[in-house]
*Asks:* 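My questions all concern the structure below.
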Amino acid sequence: MQDSADRAFASASSSRRGTDEMRAVRKPAPHVLDLVSYDPKYIPAEVMVSANENPRDVPDGLRAMVMRAVRQVPLNRYPDPLANGLRDLIAQANGLDRDQVLIGNGGDELLLDTALAWGGPGRVFLNVPPTFSVYEGNALLTNTAVVEVPRRADFQVDEDALVARLSRGDVDFTILTSPNNPTGDTVSESFVRRVLEASDALVVVDEAYFEFSRKTVRPLLESYENLVILRTFSKAFSLAGVRVGYLLGNVRVLSEYKKVRQPYSVDAISQAIASAVYENRSEFVFGIEQIVAERERVYRQLKRMDGVEAFPSESNFILLRMADASAVWSGLLSCGVLVRDFSRTRYLENCLRVSIGTPQENDRFLEVLGDIVASGKSDGKR
Ligand SMILES: *Cc1c(COP(=O)(O)O)cnc(C)c1O
């Protein structure tokens, strides 16, 4: 891996020099050379059900309020570095103080900040694959060692193995995703308690989809300094395009995060939009309930399809497994339905993930998948 990455870099730079005498640049840091850049494989399609977004944009009336708020933002001034207005709204809703909330440029920034503050050379991240790939990417990016406690065959967390691994005491941080992306399952509060008590490692509970599961470990913040909770505006609140996420945590922990974060990462426009949306978040309740109802309907239909294994989900997506999944992925795309292809991902061989869309989008997905399965394309090579 290292060698081939080296060679690719060397040939790219020498061929350039060969054609136009451009001076070549030296190699980047060794741990960056073999990283692979994140590619969500986002291809325009009629039915976009690949990225777990809310299928509906912000409701019209609220959108008008958002636009009014944006119009008042001074563009020449730096934003409030900590987004205190938004912090206060989130703190109040969660029964916390301002300094127990930290806003980030999407949940992704806060995940990177976690690796910057609790990872690094000589430090250890415990991963629970298959899960959100960004976690491992951030560990590699920060030269953090990764140890794994893989999920069981049914994709549930191997609770005893995880607690036993943490009890060794060498892990600096771990991330439990609840509901997990892409498997859709949640962890119980009693298990999170066991994890928090197994060591003094920082435990991030990633609740990016908690609005769909309606489960949170928020009550545990009172008793465990080693707990932080991550949430985002990208999924239930229809703001994937805006980039705002937040952490709930204890003051000493969040003050460490403040040292590593980019001071102005949450721009003034995003702060204004997220504040308007959060103040009016009751407007999203209907859409969330419809997604949950649709998820159950889609799950029941999938269960009836021969050759398709669907995993139960408490989120806004469903993981599927079937023979020849990458051919099925292409078949769906050729009919205008884009789902997420995990068929070549470690632990997720032959898996696809479909996000819950509008009822019409879900019908279209079910119809096309049903046709593909019935035509035997996914059966032939079993
Ligand atoms: C989507 C997602 C996030 C955060 O996404 P942002 O758009 O960066 O806020 C975090 N964790 C998981 C598991 C996700 O699926």
Side-chain angles (χ1 to χ4, degrees), residues 38-42 48-55 57-58 83 86 90 101-116 125 127-139 141 151 155 157 173-187 192 203-213 215-217 228-249 257 261-262 265-267 270-271 273-274 277-278 281 284 288 291 295 311 313-319 339-340 342 345 347-348 351 353-356:
Y38 184 77
D39 174 14
K41 301 189 186 79
Y42 211 57
M48 301 289 284
V49 281
S50 71
N52 299 344
E53 297 145 326
N54 194 317
D57 206 332
V58 172
L86 180 57
I90 292 170
V101 178
L102 189 67
I103 314 291
N105 184 288
D108 283 355
E109 183 196 16
L110 298 164
L111 289 169
L112 176 59
D113 290 346
T114 304
L116 289 171
F125 164 58
N127 201 21
V128 192
T131 188
F132 196 33
S133 64
V134 167
Y135 309 153
E136 187 179 17
N138 287 336
L141 194 57
R151 290 161 174 268
F155 293 134
V157 174
F173 72 104
T174 188
I175 306 176
L176 297 175
T177 319
S178 186
N180 186 45
N181 178 7
T183 59
D185 58 302
T186 56
V187 287
V192 175
V203 178
V204 179
V205 177
D206 184 340
E207 294 185 351
Y209 301 96
F210 104 104
E211 291 88 354
F212 304 105
S213 69
K215 289 181 186 162
T216 176
V217 292
V228 292
I229 297 170
L230 177 73
R231 300 205 189 132
T232 178
F233 281 77
S234 297
K235 309 288 163 52
F237 295 139
S238 301
L239 291 186
V242 175
R243 313 307 303 134
V244 181
Y246 61 95
L247 289 178
L248 308 178
Y257 273 88
R261 69 184 290 275
Q262 292 293 301
S265 61
V266 188
D267 64 85
S270 299
Q271 291 185 31
I273 296 174
V277 162
Y278 199 77
R281 62 191 178 284
F284 292 84
I288 291 168
I291 287 168
R295 177 191 73 208
F311 293 87
S313 170
E314 297 190 63
S315 195
N316 66 338
F317 53 80
I318 297 175
L319 188 72
V339 302
R340 185 67 192 260
F342 288 111
T345 303
Y347 301 110
L348 294 170
C351 288
R353 185 194 66 199
V354 61
S355 311
I356 302 302

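Whatever order the structure lists them in is the order used to number ligands and atoms, beginning at 1. Here, residue 1 is the first one in the sequence, and each next residue gets the next number. These numbers were taken from a predicted model, which means no experiment stands behind them.
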*Asks:* What distance separates Leu112 CG from Asn138 CG, expressed to the nearest 0.5 Å?
*Replies:*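 Here the rounded value is 5.0 Å.
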
*Asks:* Please report the interatomic distance OG(Ser133) to CG(Asp39), rounded to the nearest 0.5 Å.
*Replies:*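 Answer rounded to 0.5 Å: 10.5 Å.
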
*Asks:* Going by the rule side chain to side chain donor-acceptor pair (under 3.5 Å), which residues pair with Thr186 if we only count those two or more places apart in sequence or in a different chain?
*Replies:*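 Thr186 satisfies side chain to side chain donor-acceptor pair (under 3.5 Å) with Lys215, Glu314 only.
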
*Asks:* Which residues pass the salt bridge (charged side-chain N to carboxylate O under 4.0 Å, His left out) test with Arg261, sequence neighbours left out?
*Replies:*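 Result, salt bridge (charged side-chain N to carboxylate O under 4.0 Å, His left out) vs Arg261: none returned.
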
*Asks:* Is it true that the side chains of Thr114 and Tyr257 contain a donor and an acceptor less than 3.5 Å apart?
*Replies:*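 Yes - a donor-acceptor pair under 3.5 Å links their side chains.
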
*Asks:* Please list, chain by chain and in numerical order, all residues satisfying side chain to side chain donor-acceptor pair (under 3.5 Å) with Asp206, sequence neighbours excluded.
*Replies:*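 So Asp206 forms a side chain to side chain donor-acceptor pair (under 3.5 Å) with Tyr135.
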
*Asks:* Tabulated below should be the N or O atoms of ligand 1 paired with protein N or O atoms at under 3.5 Å; can you produce that?
*Replies:*
from, atom 1, to, atom 2, distance (Å)
ligand 1, 7 (O), Ser234, OG, 2.6
ligand 1, 7 (O), Arg243, NH1, 2.7
ligand 1, 7 (O), Arg243, NH2, 3.3
ligand 1, 8 (O), Gly107, N, 3.2
ligand 1, 8 (O), Asp108, N, 2.9
ligand 1, 8 (O), Asp108, OD1, 3.2
ligand 1, 8 (O), Asp108, OD2, 3.4
ligand 1, 8 (O), Arg243, NH2, 2.7
ligand 1, 9 (O), Gly107, N, 2.6
ligand 1, 9 (O), Thr232, OG1, 2.5
ligand 1, 9 (O), Ser234, OG, 3.3
ligand 1, 11 (N), Asp206, OD1, 3.3
ligand 1, 11 (N), Asp206, OD2, 2.6
ligand 1, 15 (O), Asn181, ND2, 2.9
ligand 1, 15 (O), Tyr209, OH, 2.6
ligand 1, 15 (O), Lys235, NZ, 3.0

